[in-house]
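Here the structure is laid out as structure tokens; the discussion comes afterwards.
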Amino acid sequence: MQKLIGQLLDVDYMMVNNKPLLRIFCKQKDGKTICLLYNKYLPYFYLVSPEENYEDIKKNILKVYPNLKFEILEKFLPIGYNKKVKALKIIGNDPSKIPEIRGLAEKFGTCYEADILFKYRFMADMQLRGMEWIEADGKPAKTNTVNCDCFEINSIKKIDIQENAPLKYLSLDIECITDATDRMPDPSKDPIIIISLCFYPEYKNKKQIILISKRSGIKNENIIENDSEEKMLEEFINIIKDYDPDIIIGYNINNFDMPYLIQRMETLNIPRMLGRANKAAFLKKLQQGYSTSIIGRVIVDPYEIIRRDPWLKFKRYDLNTVAKEMLNDTKIDIGGIREIKHLWENDINKLLEYAGKDAELALKLIIQKGLLDKFFELSKISGLLLQDIFGGQSQRHEFNILSEFVKENILMPCKPTLKRKSLSEDELKGAIVFEPEIGLHNNGNILVLDFTSLYPSLIRTYNICPTTLLLTDENVPFYESPIGVKFVKETVKEGVLPRILKKLMESRKAVRQQMKNTTDPELLRILDAKQLALKDMANSLYGYTGYSRSRLFVMSIANSITAYGRENIKFSKELVEKNFPVKVIYGDTDSIFVKTNITDLEASNELGNKISEFVSESLPGVLELKFEKIFKSFLILSKKRYAGWSFEKDGDKWKEKIVMKGIETVRRDWCELVGKTMKNILKIILKDGDIKKAAKIFRDVAKDLAEGKIPLEDLVVIKSITKSLDSYDGVQPHVELAKKMLERNPALENIVGERIGYVIIKGTALLSKRAEDPKYVKEHGLEIDSNYYIQNQLLPPIERIFEVCGVTTTELLEGSKQKSLIELIKKSSSKSESKNIEFLENFDSVVCRGCGWSHHRPTLNGKCYLCGGQLAFSFNGNISDKIKILEN
DNA sequence: TATTCGCGGGG
DNA sequence: GTGTACGCGAATA
């Protein structure tokens, strides 16, 4: 017997002699992988029915499944306080037979925990967690089913070790060739020609190896030539086995490289032995996309991580853009994807360079940017295995809660079988958003105060949990939510959710404290990832209670949380306004914006702290209203859309910046000019408070546009051709341009998948037909349609900003020295809204004379899209006489 | 205004 | 494998 210590990487099982044998893959401190084998654990679930029925039920089930075992245990139901029941534990042998047995059992009562994955069933019962350390007693075992040292173990338990074992990372990228011109390559026909691999740490002193499927006499020790695609794939499998990575990385690997590799191996009849056990890599087609599992390894897709990270906002998420933004590095330019075939035949070195760089970039993103740090921590905090942490948040909470329920003898419900849309009649009522005082506020600082993690704090304060829900009249102290739902007080029984949150929030506090006491950058990075993971988990638990497919979905609980939230924020608003010479001009969910009559930063800071202290003292439980920052000027357009010039104290210095919420400056369908101009204008309005100057900036841009002084690059809009050109139904500018370009240069041949950048040029044709290639525009000296750029690109996002500052669109455009501009707009017949420019100040909405519908802005043809009736201007509810303008 | 639809990344 | 996405803009009624 020996003591084994390792970090938990993966768990699976195999059937041996009709019993499951668990295989627990762990990483030792020195980086060596071991596999622990455990055969003393069987699958089971619970059935709840009146106790007197259990003997009959057993007999009935045994008739069909004679090998099952039973126990009757005392348990608590998950929903409702103190609901004791006798539950029938049904113990099976083969985990994969459980769904079938459940089907039968469901005839006799309600099943619990009948859809917990076997590996998680085991982990929850043993209180094990993904990426946490375990200690086991075992002796060496021999098996040919696993590719690392194995031990047969008798016991296993979690132990506390902070550090992480060193992991091995392999990044890969494949290249294919196809004859098809209008689709992606097809693994049943089109070969893989290159597999490029990048290692971290190095493999046999190499950072990189590139495999190719033919011999062309390249002399390079990092290139391995093969006689055929089959041989190349076999070599690939050998390298995986030999290097034995823990993490496999690739850009969009989940939805391209992995599914392609696996399907290709299937097509060519190559055993897909990529994992640490004798089990083929497993590919599953989902509704949309794929999921691949490889025993003992984790597949990591930087594309998915980056796209889902709210802090990483880019215009596009292709590897080139992301690498440029995050690494200041780029892909190798081979002049379009259809060049691959040409390079494969004529310039293989260039192609190898290209493939090599792609794998390298994907690896760099993960390693240099520490993208996995947070996920290691999330795995530890939620208990999920690392490979499952990239899915949704609901699974993270589910396992965490299950582990707690196991400790407290509470049954976990099965996932609700999702019926139709309306599971219940009442809906989730959301948070409160105060009606904002629209416009520019710059005559008195605005203080922003936030409830620190509002929903988690509410759950803790009022002991909100399915397990504390008071369903019957009992003589115990309770909290009653504003919608009349009762939860027993923590003095009676602390809820599971409040306890989980307490743990999450208190460890976050501790981690942040620890961060203040360290300067080691490596440690700081890990600690920051940890506190972020803790914050994520705490903040998303509320969402889980209101998620209709949650195992613990109770609408009245989710509604109680938001109701408490509304109550507390309203209470705070009134308290602040009653006790201080201020006015709350806006608030959303967990924040209030307090307008003061002072402009001094230090004085504002003092007042902010005073308000925070005063309100927090009056708030119940762990609720706290924190003073967050000061806005020297604040521009609010509508609910959830504002910009401000913020000041935050950092030590004894003030840090200032422009913050924006709900106001976008980057959008796929906008050219660069739009964002640039917007930022510029907002800066001037907020910092200088000079609206006239801002308006002048706008007019200058308009003027420069008309005079052709704006660089073409700032006017380009880029869109992709996603399918063959004739399969597009409507007319879209980039599609029309692609057609044109093809006509001019038939050698382009395949344009599908290409990104087309276009500008709109002057002319009388339909807008879409006037899309043109910027290069062509330069070469032929064509004139861009400045009117289009003003009306369709600049004006829509910017006019609202000026409008709330009291500048009408008329004024905005009139001051322009380019008098003809207005004329131009008036005459332009394609856009009726342009014709209204002159009269904008005379109406506040556009109403249909037929159905009375109030439109936000005039429609293109001047007719109501609901009933086809004529539109008319309306001011203060009165329909204007100037209908003629529309009809002209 | 509500609701559905389709797409992203990759070769 | 006792399972499986999501969020958003555009189009449509």
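Fair warning: this is a prediction, and the values are worked out from it, not measured in the lab. All heavy atoms count here, side chains included; hydrogens, waters and symmetry mates do not. In what follows, chains are A, B, ... by sequence order, proteins preceding strands, each numbered from 1.
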Tell me: [atom1] of [X] to [atom2] of [N], nearest whole Å?
{"X": "A:Glu304", "N": "C:dT4", "atom1": "CD", "atom2": "C1'", "result": "12 Å"}
{"X": "A:Asn93", "N": "C:dT2", "atom1": "CG", "atom2": "P", "result": "14 Å"}
{"X": "A:Arg551", "N": "C:dT4", "atom1": "CZ", "atom2": "P", "result": "9 Å"}
{"X": "A:Met184", "N": "B:dG8", "atom1": "CE", "atom2": "C1'", "result": "12 Å"}
{"X": "A:Phe256", "N": "B:dG10", "atom1": "CZ", "atom2": "P", "result": "10 Å"}
{"X": "A:Leu22", "N": "C:dT2", "atom1": "CG", "atom2": "C1'", "result": "13 Å"}
{"X": "A:Phe314", "N": "B:dG9", "atom1": "CZ", "atom2": "C1'", "result": "14 Å"}

Which is true for [X] with a 4.0 Å heavy-atom rule: it touches a base, it touches only sugar-phosphate, or it touches nothing?
{"X": "A:Gln395", "answer": "base"}
{"X": "A:Pro99", "answer": "sugar-phosphate"}
{"X": "A:Phe122", "answer": "nothing"}
{"X": "A:Asp115", "answer": "base"}
{"X": "A:Asp173", "answer": "sugar-phosphate"}
{"X": "A:Gly392", "answer": "sugar-phosphate"}
{"X": "A:Asp94", "answer": "nothing"}
{"X": "A:Tyr120", "answer": "nothing"}
{"X": "A:Ile340", "answer": "sugar-phosphate"}
{"X": "A:Arg316", "answer": "sugar-phosphate"}
{"X": "A:Lys284", "answer": "base"}
{"X": "A:Leu319", "answer": "sugar-phosphate"}
{"X": "A:Ile174", "answer": "sugar-phosphate"}
{"X": "A:Phe118", "answer": "base"}

Q: Write down the distance separating the P atoms in C:dA5 and B:dG11, rounded off to the nearest Å.
A: 26 Å
Q: Using the P atom as the reference point in each nucleotide, state the distance between B:dG10 and C:dC6 in Å, no decimals.
A: 22 Å
Q) Should the ring pair A:Phe118 and A:Tyr13 be called parallel, tilted or perpendicular, given that the plane angle runs from 0 to 90° and is split at 30 and 60? A) perpendicular
Measure from the side chain of [X], starting at C-beta and using heavy atoms only, and say which of [options] lies closest.
{"X": "A:Tyr354", "options": "B:dG11, B:dG8, C:dT4", "value": "B:dG11"}
{"X": "A:Ser291", "options": "C:dT2, C:dT4, B:dG11", "value": "C:dT4"}
{"X": "A:Asp318", "options": "C:dT4, C:dT2, B:dG9", "value": "B:dG9"}

Between [X] and [Y]: side-chain donor-acceptor atoms closer than 3.5 Å:
{"X": "A:Asp10", "Y": "A:Gln387", "value": "yes"}
{"X": "A:Arg129", "Y": "A:Asn400", "value": "yes"}
{"X": "A:Tyr65", "Y": "A:Asn93", "value": "no"}

Q) Does A:Arg307 make a side-chain donor-acceptor contact with the base of B:dG8, cut-off 3.5 Å? A) yes
Q.
To the closest 0.5 Å, what do you measure between CE (A:Met15) and OG (A:Ser96)?
A. 6.5 Å
Q: Tell me, please, whether A:Trp344 has A:Lys350 positioned over its six-membered ring: NZ or CZ under 6.0 Å from the ring centre and within 45 degrees of its axis?
A: no
Q. Can a side chain N or O of A:Tyr13 be found less than 4.0 Å away from OP1 or OP2 on C:dT2?
A. yes
Q) For A:Arg549 and C:dA5, is the shortest distance between a side-chain N/O and OP1 or OP2 below 4.0 Å? A) yes
Q) So, A:Tyr317 versus A:Tyr303, ring centres under 6.0 angstrom or not? A) no
